[in-house]
Structure formats: structure tokens, C-alpha cells
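Written below as C-alpha cells is the structure these notes are about.
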Amino acid sequence: MIDIAFNHRQGAFSLDVRMQLPGNGVTGLFGTSGAGKSTVADVIAGLIRPDGGRIAIGERVQFDSARGVAVAPERRRIGYVFQEARLFPHMNVRTNLRFGARRRGGAGPGAFDQVVGLLGLEPLLDRRTRHLSGGEAQRVAIGRALLSDPELLIMDEPLSSLDQQRRDDVLPHLEHLAADTGIPMIYITHSIEEIIRLADHLAVMANGAVIACGPIQDVMARPDVPVLNDRRDAGTLLQTTVAGHFDEDHLSALRFGEHTLLVPRTERPKGSPLALRILARDVSLALEPPQRSSVMNVLPGRVQGIHPRGDGHVDVSIDTGQIIRARITRRSADDLSLRAGLHLYALVKSVAFAERDAFRRHAEGDH
Amino acid sequence: MIDIAFNHRQGAFSLDVRMQLPGNGVTGLFGTSGAGKSTVADVIAGLIRPDGGRIAIGERVQFDSARGVAVAPERRRIGYVFQEARLFPHMNVRTNLRFGARRRGGAGPGAFDQVVGLLGLEPLLDRRTRHLSGGEAQRVAIGRALLSDPELLIMDEPLSSLDQQRRDDVLPHLEHLAADTGIPMIYITHSIEEIIRLADHLAVMANGAVIACGPIQDVMARPDVPVLNDRRDAGTLLQTTVAGHFDEDHLSALRFGEHTLLVPRTERPKGSPLALRILARDVSLALEPPQRSSVMNVLPGRVQGIHPRGDGHVDVSIDTGQIIRARITRRSADDLSLRAGLHLYALVKSVAFAERDAFRRHAEGDH
Amino acid sequence: VPVPLTQGGPAAGPVAGEEILVFAAASTGAALEDVAAAYAAAGGGRVRFSLAATSALARQVESGAPADLFLSANALWMDRLEDVGLLAAGSRSYLFRNQLVLVAPQDTELEPVTVDAKLDLEAMLGDGRLAIAEPVAVPAGIYARQALESLGIWERLQARTAPASDVRHAALLVRRHEVPLGIIYWTDARATPGLRVLGTFSSELHDPVAYWVAQLADAPAPAAAAAFRAFLQSDTARTIFSRHGFAPPPDAYSR
Amino acid sequence: MPTPAETEALLLSLRVAVWSVLGSLPPAIAIAWLLARTRFPGHALLNGLLHLPLVVPPVVIGYLLLVFLGRRGPGGVFLENVFGITLGFTWQGAAVASAIVAFPLMLRAIRQSIEAVDRRLEQAARTLGASSANAFCTVTLPLIVPGVFAGMVLSFARSLGEFGATITFVSSIPGETRTLPLALYAATQVPGGEPQATRLVIISVALAMIALVGSEWLARRTRHYASGGP
Amino acid sequence: MPTPAETEALLLSLRVAVWSVLGSLPPAIAIAWLLARTRFPGHALLNGLLHLPLVVPPVVIGYLLLVFLGRRGPGGVFLENVFGITLGFTWQGAAVASAIVAFPLMLRAIRQSIEAVDRRLEQAARTLGASSANAFCTVTLPLIVPGVFAGMVLSFARSLGEFGATITFVSSIPGETRTLPLALYAATQVPGGEPQATRLVIISVALAMIALVGSEWLARRTRHYASGGP
Ligand SMILES: Nc1ncnc2c1ncn2[C@@H]1O[C@H](COP(=O)(O)OP(=O)(O)OP(=O)(O)O)[C@@H](O)[C@H]1O
Ligand SMILES: Nc1ncnc2c1ncn2[C@@H]1O[C@H](COP(=O)(O)OP(=O)(O)OP(=O)(O)O)[C@@H](O)[C@H]1O
Ligand SMILES: [Mg+2]
Ligand SMILES: [Mg+2]
């Protein structure tokens with residue numbers, strides 16, 4: 001359990017932050033530019049001493065203004081990937097990577113090679129850091145924090161300067177890191193995709209305060225968090241089990257309840273649980289199952305609720321055993337005479353899942 | 001016409017860049033991290049003097065190693081928004097913004113207020129730049145370059161540290177800027193969305209060389225540019241005309257050829273041209289038109305080509321008068337017995353267009 | 001007063017082997033080096049000289065400098081050391097003396113003059129200044145001031161002086177034509193190129209320009225020191241000194 | 001209370017030091033920029049030469065000044081004929097001597113702070129239409145204000161303590177060139193001058209401490225300002 | 001060719017300057033860090049005090065050293081009894097005098113370069129497990145190498161030129177404390193010593209130029225290195 005409660009004033013900006021995060025898994029910290037996310041990270045890492053409050057990670061109290069406790073940053077064992085890479089300009093990439101590892105006695109040679117391979121740092125190892133491109137530098141910074149054997153990892157928009165390909169390379173490692181090592185992670189980002197992909201828990205900040213905090217499904221479902229609901233990538237998470245693979249077609253079958261879904265081939269073995277993200281925008285509705293169509297996933301269900309949105313769209317919640325959300329035009333909703341309780345079919349293209357962030361493992365800490 | 005041809009070596013990295021860009025509109029410069037994009041920008045701006053080559057913007061030769069020409073950066077009239085904001089730390093935001101305006105005699109008070117309003121800089125004007133958050137700083141940097149009255153604007157990932165909301169605020173201004181002022185713009189980004197939204201022209205870089213350069217439709221359609229085709233947001237652009245609006249439904253009708261498409265309400269007046277982006281992943285195929293479904297856009301057409309991809313998907317080009325691409329699973333393709341010349345229906349949800357970057361104006365320079 | 005000795009008896013001639021350190025006014029350095037060479041040639045031990053301003057050396061002696069002999073360019077500092085008991089009793093002697101002269105640059109248009117009450121230095125200076133050593137602190141300056149006071153022209157001339165850091169500096173100012181006239185020691189005037197001596201100040205006009213030598217009470221090598229001190233007063237040494245322009249002490253002080 | 005002679009020396013020292021600092025500031029900034037931002041043949045040599053005043057004992061510098069800027073020196077003749085300026089035996093000459101002795105200190109401090117300024121800021125300024133010189137004046141210069149202050153303070157302090165070059169070049173004329181260190185020198189030369197010398201040292205130290213503590217305070221304010229405080 | 005006496009003075013000057021620089025380096029770095037990175041009451045005062053050797057004429061410093069660290073001074077007696085070190089009239093004493101006179105220069109240079117290091121790098125080091133001291137040694141220190149070099153060169157050059165404090169504190173004993181500037185002084189004090197003086201000036205200047213140009217070269221290499229060259 002990570003317990004954060006502090007207030008702090010810097011210049012004209014004041015923060016009053018209160019949140020409890022689980023002691024494992026990934027917590028996304030989401031908010032607009034200038035909301036105070038980086039400041040929160042600095043406070044947790046011990047780089048900013050807040051005006052007052054208490055910060056505890058598990059049993060360890062890192063800061064408590066009432067009791068005069070303020071653990072030094074180097075003794076907090078918090079890996080911190082900064083918004084700017086902050087590489088040491090007098091060391092080459094290898095020495096930067098080893099900096100934390102050497103001090104924390106963590107990460108053996110195996111770990112080093114693994115991180116280097118994963119982040120594609122091999123060709124950079126003997127380079128000086130100054131002329132690395134923005135993306136290269138950030139990859140090194142991520143590697144450096146990963147290798148410092150932290151008990152909590154804070155990442156402040158670590159991928160914002162990476163291209164899609166590198167992002168896709170790095171993300172799985174971040175996932176594994178959180179799940180396999182049990183190291184809790186606070187992941188600051190502007191990207192809901194990254195949040196969805198990585199986070200179990202979500203905290204949303206605005207104007208120096210936490211306006212929502214909780215398990216990701218709960219927070220994402222809250223109608224009072226504008227920053228999440230205005231997004232076109234709103235959607236729901238389905239808990240499924242891998243039912244089998246069709247190797248020749250590059251497809252896998254997932255089961256949930258009575259239903260089978262065909263999705264692009266996943267690596268997860270048969271029988272393993274898989275969380276699947278379905279974007280509301282990808283779901284069509286039909287009163288009859290389609291004939292001779294390329295759409296392979298047809299899920300019968302009934303309308304649970306209809307949520308009109310301001311822009312001529314409605315979000316329809318379909319109960320198929322688990323809730324799926326469909327975003328369609330109001331005109332379609334009218335044409336189909338949708339109403340609560342109506343039986344219908346939710347249609348989802350398999351290709352809609354061909355996004356690497358559509359799948360999530362079930363981590364221990366999952367809700 | 002912007003004519004760029006140079007070779008340059010820095011450390012172990014060498015560039016050999018050759019490209020011709022139109023003298024108006026926006027050219028996207030796309031490429032993986034470390035491809036050399038920022039270096040190209042520095043060379044064009046005159047901050048790096050390449051080993052050899054020639055750079056001309058319109059009539060003006062900025063650099064010509066053969067003739068010993070190398071115009072000083074301040075005389076090139078190139079606005080440059082850097083990857084890092086590079087704000088002047090000893091000036092407040094207002095003075096930063098005015099820096100270029102004062103020197104270039106451009107941008108009157110009206111322009112100043114306009115840029116400030118657009119970028120949401122009003123509350124920051126009297127702030128010092130040091131403690132601006134990453135996003136705030138970058139907005140100021142964009143404003144500063146906009147106000148320096150440039151003849152060519154180079155933006156090096158200007159939005160990568162902005163959140164979605166700010167991005168959406170800033171993007172339209174960048175569009176207008178390019179179209180209304182006729183200032184050509186080179187826009188470096190990792191985001192294909194931003195490219196699609198802004199660029200008329202596209203240059204793709206890899207390993208210090210330009211591997212593709214031309215009008216955006218042409219380049220995006222090329223099968224030999226992996227960096228574009230591996231993306232899940234691959235798609236095509238349709239040239240349409242606004243046929244009418246349905247205000248009560250928040251819908252607009254677009255025509256192209258025989259077809260009508262219903263899309264979320266656009267601001268463009270009836271009769272005006274509109275380029276519409278359709279992602280391959282959003283298109284389903286059916287041999288019969290669907291009945292009683294929420295899908296409102298059903299476009300009859302015939303299969304023009306089938307392009308298998310490595311991942312169990314196929315991209316199907318449908319000739320509906322203009323080409324639409326559909327990405328479906330191979331199994332679906334087999335089930336439907338797709339073959340060139342087959343008549344079928346392409347289905348697209350209206351909601352699929354509810355993305356702000358689905359629409360593009362026709363700018364003068366459009367192809 | 002017996003000379004305190006820690007080893008050996010009173011030395012009659014050069015004593016070989018032991019090296020001694022002599023603190024000496026910097027202006028006597030060249031002459032002393034020659035004397036030391038002669039001393040060595042006569043079988044004496046090595047002599048090293050620490051050359052600095054008399055004032056600096058005297059203070060160092062006060063703070064326990066490991067010197068054997070002290071050669072002062074004026075009496076004031078010697079008196080002071082004697083007063084505080086730092087000198088070996090009875091070891092102080094008048095070594096040689098010097099003389100003040102009026103000098104001008106070599107190419108001066110001024111004629112040689114007799115330095116007496118009729119001397120019109122102001123006229124000779126024109127709009128230039130008179131270079132002297134610092135008239136309150138530096139011995140050569142003090143003597144020059146005394147001389148001008150004796151001539152009754154100090155009051156008027158005081159504002160026209162260019163007080164230099166030492167005699168060498170005063171000589172330099174003249175030589176570089178910064179000033180038309182200067183008052184310096186004869187030893188400097190005779191050996192400095194580019195100077196012409198216009199007149200000599202009689203020694204009655206000021207305190208004697210006396211150079212004293214004394215052995216220090218705490219001399220590390222008293223026997224060798226005594227030997228060299230004796231050699232300094234030998235005829236050999238006197239010859240060398242006069243070659244460097246130093247005059248022998250008045251008869252009253254001679255051995 | 002200082003005696004009139006002490007007050008005279010104090011005010012003179014101040015005047016000489018202030019003019020020495022102000023006079024050497026523009027060339028120091030220009031040369032510091034040259035050394036920090038450009039590379040040319042003889043770069044290291046020029047840098048070496050500019051440090052010589054530090055290495056060569058001040059008396060030698062005074063001597064060289066006398067040779068070049070004295071009445072018969074080529075520079076002295078030039079200044080006299082063209083500008084009617086005489087440096088010999090004047091406080092202006094003392095200021096020149098101090099300035100030269102202190103120059104390397106000012107130069108180093110300014111150069112070092114120029115080197116610490118991120119060139120990318122100058123680049124940004126140039127893309128915004130500022131010439132190289134303008135970028136220097138409007139971006140680099142404000143950012144090095146703390147370094148310039150540091151240089152000025154060093155050079156001011158060194159000027160206050162300057163003795164050898166001054167006395168050699170312009171003598172020790174009361175009211176004109178006898179600054180505090182020169183007055184101090186006179187006091188140390190006679191037996192029993194210690195109390196007088198002590199007084200003068202105390203005056204020097206007090207003056208310097210005021211200047212140093214004040215400048216530190218000022219530098220902190222400026223640094224604060226230059227680095228973006230409110 | 002230098003005469004044996006000149007060679008002696010040259011080698012002695014070198015020895016004194018090198019030890020003076022090396023000896024003052026650790027305290028200079030420590031105090032520079034203190035002044036650059038911490039705030040405490042008396043900060044400005046300490047800073048002011050440390051600049052005093054610049055302001056007070058060297059002769060006065062030499063005199064104070066004589067009084068405190070001389071053979072009869074309290075510090076001198078202490079050093080003699082406890083460590084068996086004698087500073088009075090030894091080359092070690094000359095090194096101490098030089099070090100004190102040059103200390104403000106070294107301190108300023110190092111402090112300025114510490115202030116130029118981005119504290120965020122130290123923060124990053126601390127989150128990686130480095131204590132404040134370790135972060136300083138492994139991150140800040142390597143980054144300020146150019147500044148430290150600058151400080152060392154300044155201080156070396158100043159030491160080579162040191163005259164007043166040295167001659168006052170440790171006299172001018174050939175082979176022990178008569179460094180180049182002191183030999184130069186001795187030469188200028190005797191009529192006809194000018195050629196000898198000129199030779200000594202040339203030797204001093206040559207030595208200094210070698211040191212300065214060499215250090216510039218070294219500094220450039222280090223700067224290059226510290227800022228990420230290949
Ligand atoms: N030291 C400081 N003094 C004064 N104000 C500060 C300071 N540091 C940050 N701020 C202000 O505090 C607010 C929060 O900054 P912070 O960097 O935490 O935002 P953020 O949420 O990380 O934004 P972004 O996503 O753009 O990085 C901003 O308005 C910023 O200008
Ligand atoms: N001054 C330099 N010396 C040596 N190598 C350099 C220098 N500047 C850049 N490089 C190298 O040149 C390559 C191109 O760098 P550049 O910054 O142009 O890439 P980029 O395409 O902008 O990458 P990103 O998208 O990550 O910003 C990189 O491999 C970088 O390490
Ligand atoms: Mg931030
Ligand atoms: Mg780049």
C-alpha cells in the first residue's frame with residue numbers, strides 16, 4: 001500500500017494530494033499539462049520536500065512532517081525515469097546504465113543484457129550521451145532506472161519521445177517488470193493507451209489535486225471524470241480465457257461466459273486468463289445477426305443502458321454477461337428503436353483487436 | 001519549392017538527404033527515433049553547416065557548398081520550434097513571445113493576442129519560464145516561433161509533450177497557419193495522426209536518408225515504406241463534398257461519386273470539399289447489405305486487390321469510385337471467397353469518423 | 001662583551017665546512033656575492049644570502065629566522081634588533097657607507113651643479129617631478145628628505161616629488177625620462193646605464209648612509225659566522241666593496 | 001576614525017578600483033566571448049598571453065607599463081599627442097595598472113560563465129532573427145550576469161590590493177597615486193610602523209568585505225533573476 | 001641556457017607552485033561546494049573572508065603568516081611540535097604563502113563551475129542510490145573538471161608570480177625559498193642587474209606560457225570529454 005497525502009505550494013501553484021495506491025501493479029497517473037503530476041513524482045521520490053503531509057510505501061514511512069521524518073532520496077529505493085532523460089553527460093551509455101546497478105547491488109549481468117536487448121541499446125552502449133537523439137536518450141534513462149533495483153518505479157512520461165515501434169518494444173517489458181517483480185509502478189502519461197495497457201489502478205489529477213483514484217475499471221467508468229470520457233478511445237475491459245489457437249489463420253479464440261471471440265493470435269497459452277479491451281467506437285449493433293460478412297465476432301446481448309452524449313452519439317451498454325459499450329450515432333439508435341432490455345447483437349471485427357494494447361495479462365493485483 | 005540536398009557526417013552517423021518539397025502547405029517529416037530528422041531541421045535552419053550540398057527555399061539559396069553560399073540563420077526567416085522548448089530563462093513568457101516578433105517586425109498586437117489565446121498562454125504571460133511544465137513550455141515555444149513571422153516554419157515534434165486536449169487546441173491553428181498564410185511548414189513528428197491531419201506532403205526518413213517523399217496519398221499508399229504500413233492506423237483519404245447537414249442528429253452527409261456517407265457534423269458549409277480519412281481497420285465487408293444494423297454507411301464496390309499481411313490479416317482494396325482499404329482477417333477473406341472483381345459492400349460506422357483528425361480541408365496545395 | 005659561542009673558539013681566518021646564511025639588504029647583493037667568492041677562494045665555507053628589504057629581513061629576524069649575520073642598509077632596524085637583544089653582543093659593526101647624488105637622464109640638458117644652499121632645484125625640474133625613494137619609510141628617501149630639509153627646500157619641493165618604492169625605482173624613473181631629476185645612491189648612479197650624475201650631496205646634509213653588519217644571537221653557525229664577519233672587514237672585502245662604489249666607514253668606526 | 005591621509009588613500013583606492021573594473025569590463029567581455037565561442041589559430045597563445053599579468057610579478061608589469069605607456073614610451077607618446085592623456089604619476093595610470101593586473105581574473109570568470117550558457121539558446125535566438133551579436137547581447141549576456149559580477153568582484157578586490165605595478169608605474173604620490181596598499185607599504189618600512197599598518201589593513205579589509213558581501217548579495221539576486229525566479 | 005642559479009630558482013618555483021596548487025585543491029573543492037550548494041548564516045561573510053587574500057597586499061599576508069606560522073608564532077610552534085613541520089624559511093612555507101594568495105582564484109573558478117552543473121543530474125543520481133556526497137563525487141565532480149582545471153591553472157599561474165607574501169614570510173634563501181620572482185627582485189635591486197632580470201622574466205613567462213597553453217589544451221580535451229565527445 002502506497003499512502004500519499006501532502007500539501008505543497010510552489011510559486012502560484014499549490015498542490016493538495018491525497019491518494020492510496022496498491023502496493024503492487026501499476027498505477028497510472030493521468031492529468032492535463034500543468035496538473036502537477038511531475039511535482040507529485042518529485043515529492044514521492046524525495047526530491048521536493050512538501051510543506052506538510054505523510055508519504056509511506058508499504059511499512060516504510062518516507063516522509064512525515066508531523067514526526068519530522070524525511071528519508072533521503074537515495075534511501076527510498078525509488079527508480080525514477082524523468083520527463084527529460086537526465087543522463088550523465090560525462091559517462092557513456094554503459095556507465096549510465098550501470099550507475100544505479102552498482103550502487104544498489106541489484107541487477108546482475110543477465111539483467112543488464114536483458115534490459116539492453118529489450119531497449120535496443122546494444123549499438124549505443126559505448127556512445128557518449130550528448131548526441132543521442134531524444135528517443136535514444138529516453139531509452140537509456142529507462143534502462144538506467146530499471147537496473148537500479150527499485151522498490152517503486154516512477155515513470156514520468158517515459159515514452160512520450162519514443163516512436164511507435166520503440167514504444168511497442170518497451171511496453172511489454174514494463175508490463176513484465178510490474179507483474180514479475182512485484183515492484184509497484186507509478187506511471188505518468190498523457191496517453192490513455194499506455195494507461196490501459198499498463199495500469200491496474202488509475203489516479204487522475206487536475207489543478208494540483210487528485211480528482212479520481214481507484215481500480216482502473218472503476219475510474220474509467222466514472223461519468224464525472226471529463227478527461228477520460230471525452231476521449232475517443234473510451235471503452236471497457238472484458239475478462240476472458242484463452243480457449244484455443246488457430247495457427248494457420250493467426251487467430252485465437254477467447255471465451256467469456258457463453259461467448260467466443262476471435263482475435264489476432266495471442267502468445268498466452270490455452271486456458272490462461274486474458275483481459276481484452278473493446279473500444280466503444282469499434283462496436284456495431286444489429287437486431288439480426290449479419291449474413292455473409294467479414295465481421296466474425298457477433299455477441300448476442302441485451303441493452304442495459306443508453307447514455308446520450310453531447311455530440312450526436314450515444315453510448316449503449318450491452319450486457320453480454322459482461323458489459324460491452326457501443327458508441328453509435330443517435331440516428332442509428334433511433335432507427336433501431338433501442339431501449340433498455342432489447343435483445344440485439346454486438347458486432348466487433350477481429351481486426352479491432354489487432355492493437356497491441358488491446359490485451360492485458362491478468363496480474364496478481366488485478367481487479 | 002524547397003530544394004534540399006546535402007550530405008553530412010556527425011560522429012558515427014552520416015546523412016545523405018535529398019528531397020524536394022512544395023513551396024506551400026505542410027510537409028510531414030516522419031521517421032524512427034535517431035533517423036536524423038532533427039539534424040535535417042538544424043541543417044535547413046542553418047544551425048548545422050553540412051559537409052556539402054545545396055539548400056534553396058523558393059528563389060533563395062540558403063546554402064550552396066559549391067558556390068560558397070551559407071546564409072546566416074537569422075537571415076533565413078525560418079521559424080523553428082525545437083524538440084526541447086529552448087525558452088530564454090531570463091525572460092518571462094511575454095518577452096519570450098515577443099523576442100522574434102520584435103526582431104522580425106512581424107505580428108502586430110492582434111496576432112499576439114490571437115496566438116496567446118489559441119495556445120492558452122494568457123495565465124502564463126507574466127510567469128518566468130523555468131518552472132513551466134513541459135507542456136506549458138512547449139506551447140510558449142510554439143507561440144514564439146509563430147510570432148516571428150517566418151517564411152518557413154519547422155516544427156520538431158512540437159506536440160509530443162502536450163496532452164490530447166492541448167493538441168486538439170493547437171492543431172487547427174497550425175492548419176490555418178499553413179493554409180491562410182501560405183507559409184510552408186516542415187512538421188517533424190512520430191505521430192501519423194498529426195501527419196494525416198496536417199501534412200499535404202510526406203517525407204519519410206530512415207538511417208539518415210529520405211526513403212520516400214511525395215504527396216501524402218502517394219507516399220502513404222506505397223507498399224515499400226514499412227514504417228507507414230506496419231501501423232494500425234493505415235488507411236486511405238477520400239475526396240468528398242459536403243452534401244448537407246442534419247443538425248438534430250449532429251450528422252453531415254458527404255458525397256463522393258454516387259455515394260453518400262453520414263459522418264459527425266462538420267463545420268464546413270454545404271458544397272465545400274472535404275478530405276476524409278478512412279482507416280482500414282474500421283471497414284468491414286459484406287456480400288449483402290446489412291439489415292437492421294447500426295452501421296449507416298454501406299458503400300457498394302468491387303474488389304480491386306487483395307494484399308495479404310504477415311499477421312493473419314489481409315488488406316482489401318475496394319474500388320467504390322475512389323479506393324477504400326479494408327483490413328480483415330484472412331479467415332474472413334476465405335469465408336467470403338474474396339477475389340479481384342467481386343462485388344460487395346464496404347461498411348463503415350459513422351462513429352469511426354468521430355475523430356478530430358478524420359477530416360482535412362482541401363488546401364490550395366492539395367493534390 | 002664576550003661573543004657567545006656554542007662551539008669552537010673565536011675564529012681568526014676563514015672557517016671551512018660550515019655553511020652560513022646572511023640576511024642582507026638587497027642593494028648589497030652583488031658586492032656580497034663577490035666577497036663570498038673571495039672568501040671561498042681563501043678557503044672559507046659556503047655563504048648564502050637572503051636578499052630582501054631591510055625591514056622585511058629585520059622582521060624575519062625578530063620572528064626567529066635561522067640567519068647567522070644580518071646586514072642592514074640603515075641604522076634604524078639594526079638599533080631595533082639590538083634593543084630587543086637579538087644581536088650577539090659586541091658583534092655589530094659599521095661595514096661601509098654610501099653617498100647621495102643628484103642624477104638626470106644621460107641626455108639631459110642640465111649642467112652639473114654644486115649642491116648647496118644656492119641650488120635651485122625647482123628651476124631645474126621645470127614642470128617635472130623629483131624622483132626620490134619614499135621619504136618617510138625608505139632609508140634612501142629619508143636621507144634625501146633630510147638633505148633637502150638641510151637645504152631648506154623640502155617644504156616647497158615636497159609636492160613635486162615622485163616617491164618611489166626604493167632607490168632602484170627612483171633610478172628607473174630617471175632613466176626612463178619619467179622625471180628630469182632624481183636623488184639616489186652613488187652606488188646606483190655609477191653602475192646604472194643612462195644616468196648622469198649632476199651633483200653630490202655632502203654627508204653633512206643628512207644622517208650617514210651607513211651599512212651595518214651584526215651577528216645574530218641565535219646564529220646556527222656562530223663560529224663560521226664570526227669568521228665571515230671578520231672577512232667582511234678584511235682589506236680584501238673592502239677592496240671589493242669600493243669596487244662596487246661603497247666607501248669605507250669613517251675612521252672612527254674602522255677597526 | 002581614519003586620519004585625513006587614510007581617508008584620502010581610501011577614497012583614491014576606491015576610485016582607482018572602480019575605474020579599473022569598469023574600464024576592463026568591455027574588453028573582458030569581448031575577449032571572453034572570443035575565447036569561449038570561437039576557435040582560431042593562436043587561440044591558446046592569446047589565452048596564455050592574457051594570463052601573463054597573473055604570472056609575472058606586478059613590479060615587472062609596472063616596469064613594462066613604464067616602458068610602453070610612460071612619457072617616452074610609444075603608447076604614452078601616442079596617448080599624450082592624440083588624446084592629451086597622461087598616465088604617468090596620475091590616478092588614471094594607477095587604474096590602468098590595476099586593470100591590467102586584475103584582467104585575467106575578470107576574463108576567466110566571464111569566459112567560464114559564457115561557456116556554461118547553453119549554445120542552443122543562442123541558436124534559438126538566431127532562428128528568431130537575432131544576429132550573432134544580438135543573440136549574445138540579449139540572451140547570453142543577461143544569462144552570464146552572475147559570472148560577470150563574479151569577475152567584477154574578483155577584479156575589484158584584486159585592484160584594491162594592487163601594489164607592485166602601481167607603485168612602479170605611477171609612484172606613490174599622496175592624493176594622486178598613493179592608494180591604501182601603497183600607504184601600507186610606507187608604514188611597514190619603518191620600525192614601529194605596525195600600528196599605522198594595522199589601521200590601514202583594517203580599513204582595506206573593511207572596504208573589501210563591504211564590497212564582497214554586497215556583491216555576493218547582488219549576485220544572488222541576479223542569479224535568481226537570471227535563472228527565472230519570480 | 002639558464003645559469004645554475006636560475007635553474008635552481010626555476011625548479012624551486014615549480015615545486016612551490018605545484019604543491020601550492022595540489023594542497024589547496026581539496027579545501028577549495030570542499031568550500032566551493034559549501035558556498036555553491038548550501039545556504040547557512042554567515043555564508044556571505046565566509047565568502048568575503050575567503051576573498052581577503054586578494055584584497056590585502058601580499059606583503060601583509062606574508063607578515064601575518066610570519067606572525068602566526070613563523071617559528072615563534074603560535075601556529076608555527078604547534079605545527080613544529082605536533083607534526084614536526086617547519087614552515088618558516090622553508091619551501092613548504094613558500095608553498096603555503098602561494099596557496100593562500102592564490103586560494104580565492106581557485107575557489108571562485110570551482111564554485112562557478114559547480115553552480116553551472118544542473119542540479120537535476122545530482123537528483124537523478126540520488127534516486128539511483130547515490131548519497132549526496134557520492135552524487136557529488138561521481139556526477140558533479142567529473143562535470144566540473146574543466147572548472148577545476150581553470151582554477152588550478154589560475155592558481156598555478158598566480159603562485160608562479162607570487163612575490164610579496166613569499167619574501168615576507170620565508171625570506172629569499174637561495175635553493176630554499178628564492179623562487180623566480182624573488183630572484184628577479186634580487187636582480188633588480190643591484191645596479192646593472194637588468195640583463196639578469198630580463199632573463200628571469202623570460203624564464204618566468206616561458207614557464208607560464210607552457211603551463212597555460214598546455215592547460216588550455218588539456219582543459220579543452222577534458223571539456224570535450226565531460227560534455228560527451230567520443
Ligand atoms: N519550482 C516551481 N516554482 C513555481 N511553480 C512551479 C515550480 N515547478 C512547477 N511549477 C508549476 O507547477 C505546476 C505543475 O507543474 P508539473 O511540472 O508538476 O506539471 P505536470 O502535470 O507534470 O505537467 P506536464 O504534463 O506538462 O509535464 C505548473 O503550473 C508549473 O508551472
Ligand atoms: N553532434 C552529433 N555528433 C554525433 N552524433 C550525433 C550528433 N547529433 C546527433 N547525432 C546522432 O545522429 C543521429 C540522428 O539524430 P537526430 O537527433 O537527428 O535524430 P531524430 O530523428 O531527430 O531522433 P528523435 O526522433 O529521437 O528525436 C542519432 O543517432 C544521434 O545519436
Ligand atoms: Mg510533467
Ligand atoms: Mg529529434
Side-chain angles (χ1 to χ4, degrees), chain D residues 35 43-45 47-60 63-64 102 104-105 108-109 111-113 115-117 146-147 150-151 153-154 156-164 180-182 184-185 188 194 197 200-201 204-205 207-214 216-217 220 223, chain E residues 35 43-45 47-60 63-64 102 104-105 108-109 111-113 115-117 146-147 150-151 153-154 156-164 168 180-182 184-185 188 197 200-201 204-205 207-214 216-217 220 223:
Chain D
L35 290 174
H43 185 274
L45 196 74
N47 182 59
L49 284 174
L50 290 164
H51 277 82
L52 282 186
L54 212 61
V55 185
V56 177
V59 174
V60 175
Y63 174 76
L64 295 175
L105 307 187
R108 260 291 179 184
R111 175 178 172 183
Q112 214 183 334
S113 61
E115 280 166 351
V117 171
V153 169
L154 276 174
F156 181 78
R158 182 73 186 80
S159 291
L160 280 186
E162 212 312 290
F163 164 70
L180 284 171
L182 273 59
L184 182 55
Y185 170 74
T188 59
E194 286 83 359
L200 286 163
V201 168
S204 289
V205 166
L207 179 60
M209 285 302 282
I210 292 170
L212 290 167
V213 172
E216 183 77 356
W217 177 81
R220 191 144 65 235
R223 192 173 313 125
Chain E
L35 289 174
H43 185 274
L45 196 73
N47 181 59
L49 284 174
L50 290 164
H51 277 80
L52 283 186
L54 213 60
V55 186
V56 177
V59 173
V60 174
Y63 177 69
L64 294 175
L105 307 187
R108 261 290 179 184
R111 175 179 170 182
Q112 215 182 333
S113 61
E115 279 166 351
V117 171
V153 169
L154 276 173
F156 183 77
R158 183 71 186 81
S159 291
L160 279 186
E162 211 314 288
F163 165 71
T168 310
L180 283 171
L182 273 60
L184 178 56
Y185 169 77
T188 58
L200 286 163
V201 168
S204 290
V205 167
L207 179 60
M209 286 302 283
I210 290 170
L212 290 167
V213 172
E216 183 77 356
W217 176 82
R220 190 143 65 235
R223 194 173 309 125

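Every chain is numbered from 1 and lettered A, B, ... according to where its sequence line falls, protein lines coming before strand lines. Hydrogens, waters and symmetry mates are skipped; everything else that's a heavy atom, side chains included, is used.
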Query raised in the report: Which heavy-atom pair separates A109(D) from Q112(E) by the least distance, and what is that distance?
Result: O-NE2, 2.8 Å
**Report entry** Between A157(E), G48(E), A44(E), the one whose heavy-atom pairs under 4.5 Å with chain D are most numerous
**Finding:** A157(E)
**Report entry** Which atoms of V153(E) approach chain D - backbone, side chain, both or neither, heavy atom under 4.5 Å
**Finding:** side chain
Query raised in the report: Are V59(D) and T188(E) close enough that some pair of their side-chain heavy atoms sits under 4.5 Å apart?
Result: no
Query raised in the report: Is it the backbone or the side chain of S113(D) that comes under 4.5 Å from a heavy atom of chain E, or both, or neither?
Result: both
Report summary line: Nearest heavy-atom approach of L105(D) to L154(E) is CD2-CD2, 4.3 Å
Requested in this report: Could you tell me which portion of Y63(E) (side chain, backbone, both or neither) has an atom closer than 4.5 angstrom to a non-hydrogen atom of chain D?
Outcome: side chain
Report task. Starting at CG of L212(E), measure out to CG of L50(D) and round the result to the nearest 0.5 Å. Result -> 10.0 Å
Report task. Might you point out which heavy atoms bring V55(D) and A208(E) nearest each other, and give the distance in Å? Result -> CG1-CB, 3.1 Å
Query raised in the report: Between L160(E), L45(E), N47(E), V213(E), which shows the greatest number of heavy-atom pairs under 4.5 Å with chain D?
Result: N47(E)
Requested in this report: Could you check V205(E) against V56(D) for side-chain contact (heavy atoms from CB on, under 4.5 Å), going step by step and ending with a plain yes or no?
Outcome: CA-CA 7 Å; V205(E) 167; V56(D) 177; 3.8 Å; yes
Requested in this report: Check whether L49(E) gets within reach of chain D through its side chain, its backbone, both or neither, counting any heavy atom under 4.5 Å.
Outcome: both
